[in-house]
Amino acid sequence: MPELPEVETIRKDLAKLIIGKKILDVETSSPKQVKPSLEVVKKAVVGAKIKKVSRRAKLLQIFLDNGQILAIHLKLTGRLLLRKKGDLFDNWQRVTIHLTENLELRLADLRKFGWIKLVKDEKELSKILSEFGPEPMTDLDLPTFKKILKSSRRPIKIILMDQSKISGIGNIYAVEALFLAKVDPRRPANKLKETESKRLLVSIEKVLKAGIRYRGASDQYYLDALGRKGNYQKHFLVYKRIGEKCFDCPGKIIRISLGGRGTFFCPHCQK
DNA sequence: AATCGTTCCTGATAGC
DNA sequence: TGCTATCAGGAACGAT
């Protein structure tokens with residue numbers, strides 16, 4: 001599932017390849033994923049030139065020279081692929097944005113949860129972005145983090161994944177960071193000690209940086225903009241390692257369900 | 001304001 | 001073998 005490091009990897013690659021290209025057409029076999037509608041989006045973006053590609057949280061933004069913006073969320077199984085006209089149709093290809101120079105930007109998405117949304121201007125965009133909590137790698141200091149943790153008695157893992165509290169962290173990076181910090185994912189967020197909060201914040205930055213360095217985690221569906229796998233899955237410490245030996249003690253990794261999500265940890269060394 | 005349950009969707013897997 | 005039921009999950013939404 002694309003989280004901050006995966007979306008950032010896509011952003012960096014795309015920025016090099018699509019800036020300056022013009023949008024020629026948009027088509028879809030899954031109209032619900034184009035908001036508010038294919039017709040409206042088409043009218044707004046056809047003829048516009050791509051100016052900038054940004055990311056905030058897990059949301060990608062393509063800025064156009066007419067002031068409008070395409071916001072893209074990949075949710076669970078979305079892929080944003082840059083292909084050449086005539087390339088083989090991608091598995092689960094749902095939306096195709098035709099660009100100049102025979103390029104196609106494709107949204108491929110098995111579960112159809114992902115979407116592309118037209119945002120009219122920067123004002124509307126900043127309203128959307130203001131709902132997100134701080135960016136963990138650049139905008140989250142210890143006092144802010146401690147304040148966030150204090151605000152809830154829900155399990156710490158749920159808080160890490162709550163986009164309105166901290167943005168960009170999903171299931172994989174949440175469980176990996178909690179393992180590194182030696183914190184039990186079930187602990188109420190407001191019960192973490194000062195030293196644990198500090199360790200957790202450092203761990204979050206560490207796993208996200210590693211995720212970016214390895215160009216994301218291709219657990220099941222994630223591919224980068226050129227259709228290549230990431231490598232971070234080769235370095236998972238706990239994610240999907242049920243029954244395997246913990247890397248830090250003789251214990252074994254277990255899986256529980258927390259907020260309806262698979263949660264992996266070592267009950268022996270995560271306290 | 002915080003929290004909880006439900007919904008969206010398709011493919012993999014389990015059970016008979 | 002072939003059918004059906006269950007599960008997986010980010011986040012928007014409504015209800016409490």
Side-chain angles (χ1 to χ4, degrees), chain A residues 1-8 10 28-37 55-61 71-80 89-95 106-119 124-125 127-136 146-178 185-192 208 211 216-223 233 236 238-243 254-265:
Chain A
M1 61 204 89
E3 306 180 28
L4 187 155
E6 289 75 26
V7 179
E8 180 60 19
I10 293 173
T28 183
S29 57
S30 178
K32 280 179 154 180
Q33 294 183 263
V34 182
K35 300 162 185 260
S37 71
R55 177 198 60 78
R56 169 88 167 87
K58 304 175 195 170
L59 192 68
L60 206 70
Q61 304 135 41
I72 303 176
H73 201 304
L74 299 174
K75 292 285 183 94
L76 300 170
T77 59
R79 294 170 172 170
L80 195 59
F89 198 80
D90 280 291
N91 284 340
W92 314 299
Q93 187 174 328
R94 312 292 189 196
V95 184
R106 302 173 175 178
L107 173 66
D109 183 12
L110 185 159
R111 300 240 166 101
K112 296 185 169 179
F113 289 167
W115 44 256
I116 298 180
K117 180 189 166 82
L118 178 72
V119 179
E124 189 187 335
L125 180 66
K127 196 180 160 196
I128 295 169
L129 301 186
S130 70
E131 303 294 321
F132 292 125
E135 280 285 310
K146 279 166 66 181
K147 205 196 261 171
I148 291 166
L149 299 190
K150 276 229 187 72
S151 75
S152 173
R153 46 193 176 78
R154 300 167 81 201
I156 179 63
K157 191 211 171 198
I158 307 254
I159 300 310
L160 294 185
M161 292 176 61
D162 184 334
Q163 302 302 301
S164 69
K165 307 243 184 215
I166 304 165
S167 61
I169 302 175
N171 209 15
I172 291 175
Y173 295 93
V175 299
E176 294 294 310
L178 284 162
R186 299 167 292 187
R187 290 271 301 285
N190 60 359
K191 293 282 169 54
L192 261 67
L208 292 175
S218 290
D219 167 45
Q220 284 183 278
Y221 295 101
Y222 171 71
L223 295 177
Q233 69 280 3
F236 285 164
V238 287
Y239 187 75
K240 292 223 172 145
R241 295 192 61 246
I242 315 164
I254 65 163
R255 179 193 189 276
I256 61 167
S257 184
L258 212 48
R261 260 124 211 126
T263 302
F264 308 86
F265 69 109

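Lettering follows sequence order; numbering is per chain, from 1.
- As rounded to whole Å, 14 Å separates atom P of dT10(B) from atom CG of Leu107(A).
- One cannot find a donor-acceptor pair under 3.5 Å joining the base of dA2(B) and the side-chain atoms of Arg154(A).
- In this structure, Arg153(A) and Pro188(A) approach most closely via the heavy-atom pair O-CB, 3.5 Å.
- Taking side-chain N and O atoms only, Trp92(A) has a distance below 4.0 Å to OP1 or OP2 of dG11(B).
- Distance, Arg79(A) CZ to dC9(B) P: 20 Å, rounded to whole Å.
- In this structure, Arg261(A) reaches the dG10(C) phosphate: one of its side-chain N or O atoms is under 4.0 Å from OP1 or OP2.
- Rounding to the nearest 0.5 Å gives a distance of 11.5 Å between CG of Leu4(A) and CG of Leu59(A).
- The side chain of Lys32(A) lies closest to dC9(B) when the candidates are dC9(B), dT10(B), dC4(B).
- Proximity of His73(A) to the phosphate of dG10(C): no side-chain N or O atom is located under 4.0 Å from OP1 or OP2.
- Whole-Å rounding puts the Met1(A) CE to dT10(B) P distance at 19 Å.
- Here Phe113(A) does not pack flat against the base of dA11(C), since the 5.5 angstrom centre distance and 30 degree tilt limits are not both met.
- Protein atom OH of Tyr173(A) is 13 Å distant from nucleotide atom P of dG10(C), rounded to whole Å.
- Annotation: of the two residues near DNA chain C, Trp115(A) and Arg111(A), the 5′-most nearest-nucleotide partner is Arg111(A).
- Straight-line distance from the CG atom of Asn190(A) to the C1' atom of dA2(B): 12 Å, rounded to whole Å.
- Using a 4.0 Å cut-off, no side-chain N or O of Thr77(A) falls inside it from OP1 or OP2 of dT10(B).
- When all heavy atoms are compared, the tightest approach of Leu76(A) to Arg111(A) is CD1-NH1, 4.4 Å.
- One finds no side-chain N or O of Lys75(A) lying less than 4.0 angstrom from the OP1 or OP2 phosphate oxygen of dC9(B).
- Between Asp219(A) and Lys240(A) there is a salt bridge, since at least one side-chain N of the basic residue sits less than 4.0 Å from a carboxylate O of the acidic one.
- Nucleotide dC9(B) holds its C1' atom 8 Å from the NZ atom of Lys112(A), rounded to whole Å.
- The distance from atom CG of Leu74(A) to atom P of dC9(B) is 18 Å, rounded to the nearest whole Å.
- Using a 4.0 Å heavy-atom cutoff across all strands shown, Gly262(A) reaches sugar-phosphate atoms only and no base atom.
- The interatomic distance linking Lys157(A) (NZ) with dG9(C) (P) rounds to 8 Å, in whole Å.
- When distances run from any side-chain atom of Arg153(A) to the nucleotides dT3(B), dG11(B), dA11(C), the shortest one goes to dT3(B).
- Contacts of Asn171(A) with the nucleic acid, taken as non-hydrogen atoms under 4.0 Å apart, involve only primed sugar atoms and P, OP1 or OP2.
- No side-chain donor from either of Glu3(A) and Tyr222(A) sits under 3.5 Å from a side-chain acceptor of the other.
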